Student: 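Quick one: structure below, then a few questions.
Any value given below was found using the heavy atoms of this structure, including those in side chains, with hydrogens, waters and symmetry copies removed. Predicted, not measured: the structure shown is a model, and the values here were computed from it.
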Amino acid sequence: MRRRAVVCSSIYRKRGRIIKKFLLVTWLACLCAQAQAAEVAGVTLADSIYLGNHDLLLNGAGLRIKFFFRIYVVALYLGEKTHEAEVALNQSGEKRIALHALHELTDEQMLDSFHAAMTANLSQTDMQAMEPQLKELTAIFHAIKTVKEGDVIALDYLPNSGTQIVVNGVLKGNIPGVVFNRALLKIWLGDHPGQPDLKQHMLGLE
């Protein structure tokens with residue numbers, strides 16, 4: 001009986017060690033999952049991406065709301081994290097604005113929203129100087145036609161080529177020039193954003 005008790009005790013100790021190891025591995029896996037992804041309004045966002053020749057970090061993300069409708073989740077990826085809008089706008093190297101659509105939008109709705117925000121943050125002279133780029137942006141979204149719920153629009157800036165507009169991984173067009181990219185980013189990071197708290201979230205301040 002004593003030998004049997006010793007054997008049973010040994011088995012229980014082994015089981016205890018196995019259970020502890022399992023719980024530790026599970027806990028570490030959860031920590032890794034949290035470190036690799038963030039979530040906003042049910043949309044999972046990678047903490048880092050690879051664009052061009054560099055790794056970019058998730059600077060911040062938030063939810064765009066209009067008339068009580070959840071429109072999209074927007075994420076800002078930069079080479080170096082910052083809480084300053086001007087630093088983000090002027091930072092050299094690759095950048096990404098990722099729009100995760102939560103509501104169906106027509107090309108006209110997207111363009112109207114972009115144009116209104118850019119007009120609020122740029123002078124009339126700057127808008128006139130960018131007329132060729134704005135026409136190109138309009139043509140690209142007219143070709144896209146409709147953004148459906150679940151679609152992902154990436155506005156990728158690559159220093160050697162300009163701003164690439166990518167929908168669900170498919171390149172739809174490219175607009176050259178760092179000036180245009182900064183103007184585009186001011187839709188969310190300018191002095192007069194359409195949704196101020198969204199700017200704060202994208203800068204990692206909330």
Student: Once rounded to the nearest 0.5 Å, what's the spacing between atom NZ of Lys95 and atom CG of Leu184?
Tutor: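 Atom-to-atom, Lys95:NZ and Leu184:CG are 11.0 Å apart.
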Student: Same hydrophobic cluster for Val166 and Ile140, using side-chain heavy-atom links shorter than 4.5 Å among ILVMFWY?
Tutor: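 Different clusters.
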Student: Working to the nearest 0.5 Å, report the span between CE of Met118 and CZ of Phe180.
Tutor: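 Spacing of CE (Met118) from CZ (Phe180) equals 5.0 Å.
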Student: For residues Ile144 and Asp107, determine if any side-chain heavy atom of one lies less than 4.5 Å from a side-chain heavy atom of the other.
Tutor: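 Ile144 does not reach Asp107 side chain to side chain.
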Student: Check this for me: Glu84, atom CD, are more than 12 non-hydrogen atoms of other residues, nucleotides or ligands nearer than 6.0 Å?
Tutor: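 Result for CD/Glu84: open.
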Student: Using a 3.5 Å distance criterion without hydrogens, assess whether the side chain of His100 forms a donor-acceptor pair with backbone atoms of Val73.
Tutor: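 Checking the backbone N and O of Val73 against the side chain of His100, no donor-acceptor pair under 3.5 Å is found.
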Student: Under 3.5 Å, is there a donor-acceptor pair between the side chain of Gln91 and the main chain of Glu80?
Tutor: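 Between the backbone of Glu80 and the side chain of Gln91 there is a qualifying donor-acceptor contact (under 3.5 Å).
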Student: Are any non-hydrogen side-chain atoms of Val147 and Tyr72 less than 4.5 angstrom apart?
Tutor: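 Contact flag for Val147/Tyr72 side chains = no.
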Student: Compare all side-chain heavy atoms of Leu105 with those of Thr146 and state whether any distance is below 4.5 angstrom.
Tutor: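 Sidechains of Thr146 and Leu105: no contact.
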Student: Consider side-chain contact (heavy atoms from CB on, under 4.5 Å). Of Leu45, Asn59, Leu57, which one does Tyr77 pass it with?
Tutor: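 Among the candidates, only Leu45 passes.
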Student: Check whether Lys186 reaches the backbone of Ala117 with its side chain - one donor and one acceptor, N or O, closer than 3.5 Å.
Tutor: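 A pair under 3.5 Å: no.
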Student: Work out which heavy atom in Ala38 is nearest to a heavy atom in Leu58; give both atom names and the distance.
Tutor: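 Smallest interatomic distance, heavy atoms only, reads CB-CD2, 4.0 Å.
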Student: Main chain of Thr106, side chain of Gln109: is a donor-acceptor contact present, judged purely on distance under 3.5 Å?
Tutor: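 Yes, Gln109 side chain to Thr106 backbone: donor-acceptor pair under 3.5 Å.
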Student: His201 vs Leu205, test: side chain to side chain contact (heavy atoms under 4.5 Å, CB included). Steps then yes/no.
Tutor: CA-CA 6 Å; His201 283 299; Leu205 295 171; over 6 Å; no
Student: Do Asp55 and Ser48 meet the criterion of a side-chain donor-acceptor pair at a distance under 3.5 Å?
Tutor: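 Asp55 vs Ser48: no donor-acceptor pair found between side chains.
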Student: Given side chain to side chain contact (heavy atoms under 4.5 Å, CB included), test Tyr157 with Val178 step by step and report yes or no.
Tutor: CA-CA 8 Å; Tyr157 176 68; Val178 65; 3.4 Å; yes
Student: Begin from the C-alpha positions of His103 and Phe69 and carry the test side chain to side chain contact (heavy atoms under 4.5 Å, CB included) through to its verdict.
Tutor: CA-CA 8 Å; His103 193 281; Phe69 289 102; 3.9 Å; yes
Student: Using a strict 4.0 Å threshold on nitrogen-to-oxygen distance, state whether Arg96 and Asp156 make a salt bridge.
Tutor: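 Between Asp156 and Arg96 there is a salt bridge, with a charged N closer than 4.0 Å to a carboxylate O.
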Student: Near His142 NE2, under 6.0 Å, is it more than 12 heavy atoms from other residues, nucleotides or ligands?
Tutor: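 Correct, the count exceeds 12.
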Student: Side-chain contact, heavy-atom cut-off 4.5 Å: Leu189 with Leu76?
Tutor: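 Contact flag for Leu189/Leu76 side chains = yes.
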Student: Can you tell me which residue among Leu155, Ile153, Ile187 is in a side-chain contact (heavy atoms from CB on, under 4.5 Å) with Ile97?
Tutor: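 Passing option: Leu155.
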Student: Does Leu198 belong to the same Ile/Leu/Val/Met/Phe/Trp/Tyr cluster as Phe68, with side-chain heavy atoms less than 4.5 Å apart forming each link?
Tutor: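 No: no chain of side-chain contacts under 4.5 Å links Leu198 to Phe68.
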Student: Would you say Leu99 ends up clustered with Leu158 if hydrophobic residues are merged whenever their side chains have heavy atoms under 4.5 Å apart, either directly or through other cluster members?
Tutor: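 Shared cluster, no.
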Student: Go through the steps to decide whether Leu102 and Leu63 satisfy the test side chain to side chain contact (heavy atoms under 4.5 Å, CB included), and finish with yes or no.
Tutor: CA-CA 10 Å; Leu102 302 178; Leu63 175 64; 3.5 Å; yes
Student: So, for Ala88 and Leu203, which heavy atoms are closest and what is the spacing to 0.1 Å?
Tutor: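 Looking at all heavy atoms of both residues, the shortest contact is CB-CD2, 4.5 Å.
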Student: Donor-acceptor check, side chain of Thr119 to backbone of His115, threshold 3.5 angstrom: yes or no?
Tutor: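 Yes; judged by distance alone, with no hydrogens or angles, the pair exists.
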Student: Is it the case that the side chain of Gln195 and the backbone of Ile65 share a donor-acceptor pair, with hydrogens and angles ignored and the cut-off at 3.5 Å?
Tutor: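 Yes, because the side chain of Gln195 sits within donor-acceptor range (under 3.5 Å) of the backbone of Ile65.
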Student: Indicate yes or no: at least one non-hydrogen side-chain atom of Ile165 is less than 4.5 angstrom from one of Asn174.
Tutor: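 Heavy-atom side-chain distance check fails, nothing below 4.5 Å.
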Student: Report the distance from atom OG1 of Thr82 to atom CG of Asn90, rounding to the nearest 0.5 Å.
Tutor: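 Here the rounded value is 10.5 Å.
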Student: Can you tell me how far the CG atom of Leu78 sits from the CE atom of Met202, to the nearest 0.5 Å?
Tutor: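 Leu78 atom CG to Met202 atom CE measures 9.0 Å (nearest 0.5 Å).
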Student: Rounded to the nearest 0.5 Å, how far apart are CZ of Arg182 and CG of Leu122?
Tutor: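 Output value for this atom pair is 12.5 Å.
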Student: Taking atom CD1 of Ile175 and atom NZ of Lys135, what is their separation to the nearest 0.5 Å?
Tutor: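 NZ of Lys135 is found 13.5 Å from CD1 of Ile175.
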Student: Can you name the nearest heavy-atom pair linking Gly194 to Arg64, along with the distance?
Tutor: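 Reported closest heavy-atom pair: O-NH1, 4.2 Å.
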Student: Spell out, yes or no, whether Val43 and Ile71 are grouped together once hydrophobic residues are joined by side-chain heavy atoms under 4.5 Å, including indirect joins.
Tutor: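 Different hydrophobic clusters.
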Student: So which atom in Leu137 and which in Leu111 form the shortest heavy-atom distance, rounded to 0.1 Å?
Tutor: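 Residues Leu137 and Leu111, closest heavy atoms: O-CD2, 4.0 Å.
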Student: Does CD in Gln124 sit with more than 12 non-hydrogen atoms of other residues, nucleotides or ligands closer than 6.0 Å?
Tutor: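 Not more than 12 within 6.0 Å, no.
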Student: May I ask you to decide if Asn168's main-chain N or O and Asp151's side chain share a donor-acceptor pair within less than 3.5 Å?
Tutor: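 Not a single qualifying donor-acceptor pair exists.
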Student: Establish whether Phe141 and Val152 are linked, either directly or via other cluster members, by ILVMFWY side-chain heavy-atom contacts under 4.5 Å.
Tutor: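 Different hydrophobic clusters.
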Student: Using the rule given for side chain to side chain donor-acceptor pair (under 3.5 Å), can you reason through Asn121 versus His192, listing the C-alpha separation, both sets of side-chain angles and the distance that settles it, and then say yes or no?
Tutor: CA-CA 6 Å; Asn121 287 282; His192 307 286; 5.5 Å; no
Student: What heavy-atom pair brings Glu94 and Leu56 nearest, and what distance separates the two atoms?
Tutor: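 Distance-wise, the nearest heavy atoms are O-CD2, 3.4 Å.
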